[in-house]
J.: 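To start, I am sharing the structure in question, which I have written as structure tokens.
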Amino acid sequence: MAAYFVRRLAFAVVLVFAVSSASLLLARLAPGDYVTESMGINARPEVVQEMRERLGLNRSIAAQYGDWLIRAVHFDFGRSLQYDRPVIDLIPERAANTAILAVSALVVATLLGLPLGVVTGSRSGVVVGLIRSASLVLLSLPPLLTSLFLVFAAAKTGLLPVGGMTSSSGGELLSHMIVPVAALALPLVAMFERLQSQAMSETAGQPFVVATLGRGVPMSRVIWRDALKNALRPVASVYGLVIGTLLSGSFAVEAITAWPGLGQLMLNALRARDVYLVTGCAAAGSIFLAAGTLLSDAALAFVDPRTGHRSQG
């Protein structure tokens, strides 16, 4: 088991390195650069050249990448061209905001999706049909479209703020979280409900469940105590993928709802062609994805301890 998690941790490190390197190279290979974007097309060529030399943008891609790689080993991801600050200073606050959003959405989706899946997988009736229909609708809507609808509804009703968060105090933070968290959580609620429902339906027909019911144990107790743990494996196995999807969806939702997280920071960096800030945001995103993958492995090992042994075999 320990060797299995060591391999997974090594894969996570490789993932962060690969994503960071690819983002730097792709941002550098794209037409234009920070100087042309910030100074405009009417800037004098000699001024543009002088600025490029001062920022080191006149060097070859290989030289820039090699220099960045050496510094990255020491956790120095360069200096933001746009903000004239170390990237490592800009990332943590925005990463914390993205993490708050993603974790909140994941918790909401888990607390709603799993119980709903247990209900729809073990019962039938009108309510079950309504839940399944709602899940189908939510699954067909991407987080971007859901966030647009929620932002429109919030703006029309005036019940919730849309963008403009200026403080991280409890009240303002909570009120601004509702729309983006709902936009991220609703599709996940539907997905968890579908997965849990199918797993619960299959588990409910297993011999140990039938035998337990035959001994006179109440149905609700069998479902929520015995069958649930065996039916959790499909959901636990996709948690890492869910967190990756949640992260990418979060970037789009942040842009729509003006949530001050990594997504908005990366969008601004892409617009300004701030290559080192783009790389830092991508690195932070890949760290979230790697952490999610490790969390998924841990959850799966908790639900099914045989997972690590099977992987070693």
Side-chain angles (χ1 to χ4, degrees), residues 9 12-24 26-27 34 55 64-65 67-107 163-181 183-184 239-240 242-296 298:
L9 182 60
V13 173
V14 172
L15 175 67
V16 173
F17 168 76
V19 170
S20 304
S21 299
S23 64
L24 176 66
L26 289 174
Y34 171 76
L55 297 175
Q64 289 186 51
Y65 176 69
D67 181 58
W68 173 85
L69 193 60
I70 292 172
R71 286 182 289 138
V73 173
H74 300 88
F75 298 97
D76 177 6
F77 296 99
R79 195 172 188 86
S80 168
L81 305 175
Q82 183 180 8
Y83 297 99
D84 193 26
R85 290 177 58 194
V87 170
I88 197 67
D89 291 345
L90 293 169
I91 296 296
E93 181 181 349
R94 298 298 188 97
N97 288 338
T98 293
I100 290 172
L101 204 63
V103 170
S104 300
L106 188 61
V107 170
M165 189 174 77
T166 58
S167 171
S168 58
S169 60
E172 185 173 358
L173 179 67
L174 182 61
S175 62
H176 281 81
M177 280 177 60
I178 295 176
V179 170
V181 167
L184 290 171
Y239 247 65
V242 165
I243 293 177
T245 304
L246 189 62
L247 181 65
S248 60
S250 174
F251 277 27
V253 169
E254 286 178 14
I256 296 297
T257 60
W259 178 262
L262 276 176
Q264 193 179 62
L265 184 65
M266 189 169 190
L267 179 62
N268 293 336
L270 286 169
R271 287 173 174 169
R273 300 298 311 281
D274 191 342
V275 291
Y276 297 118
L277 186 54
V278 169
T279 305
C281 291
S286 62
I287 289 173
F288 278 130
L289 178 57
T293 303
L294 293 174
L295 178 63
S296 176

J.: Looking at every non-hydrogen atom in both residues, tell me the closest pair between S23 and V278 and how far apart they are.
T.: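 For S23 versus V278, the nearest heavy atoms are OG-O, 4.5 Å.
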J.: Which atoms form the tightest heavy-atom contact between A282 and V19, and what is the distance?
T.: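 It is O-CG1, 3.7 Å.
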J.: Got a second to check how far S104's OG is from I178's CD1, nearest 0.5 Å?
T.: 11.0 Å
J.: Looking only at heavy atoms, which two atoms of F77 and V87 are closest? And how far apart?
T.: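 For F77 and V87, the tightest heavy-atom pair comes out as O-CG2, 3.8 Å.
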J.: So do I91 and L262 actually touch side chain to side chain, heavy atoms under 4.5 Å?
T.: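 Contact flag for L262/I91 side chains = yes.
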J.: According to the side chain to side chain donor-acceptor pair (under 3.5 Å) rule, which pairs have a member within residues 267-281, sequence neighbours left out?
T.: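 Those involving residues 267-281 are S80-D274.
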J.: Check G263 against T98 and note the closest heavy-atom contact, atom names and distance.
T.: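 Taking every non-hydrogen atom into account, N-OG1, 4.2 Å.
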J.: Quick one: closest heavy-atom pair of L90 and R94, and the distance?
T.: O-CG, 3.8 Å
J.: Contact between F17 and S286 at the side-chain level, heavy atoms closer than 4.5 Å - yes or no?
T.: no
J.: Before giving the answer on side-chain contact (heavy atoms from CB on, under 4.5 Å), spell out for Y34 and L277 the whole-Å C-alpha distance, their side-chain angles and the decisive distance to 0.1 Å.
T.: CA-CA 11 Å; Y34 171 76; L277 186 54; over 6 Å; no
J.: Please collect all salt bridge (Lys or Arg N to Asp or Glu O under 4.0 Å) contacts where either partner lies in residues 74-83, sequence neighbours excluded, each pair once.
T.: R79-D84
J.: After noting the C-alpha distance and the side-chain angles of W259 and Q264, does the key distance pass the side-chain contact (heavy atoms from CB on, under 4.5 Å) rule?
T.: CA-CA 7 Å; W259 178 262; Q264 193 179 62; over 6 Å; no
J.: Quick one: NE2 on H176 to CG on L101, what's the gap to the nearest 0.5 Å?
T.: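 Spacing of NE2 (H176) from CG (L101) equals 12.5 Å.
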J.: Ignoring hydrogens, what is the shortest heavy-atom contact between R71 and G78? Give both atom names and the distance.
T.: NH1-CA, 3.0 Å
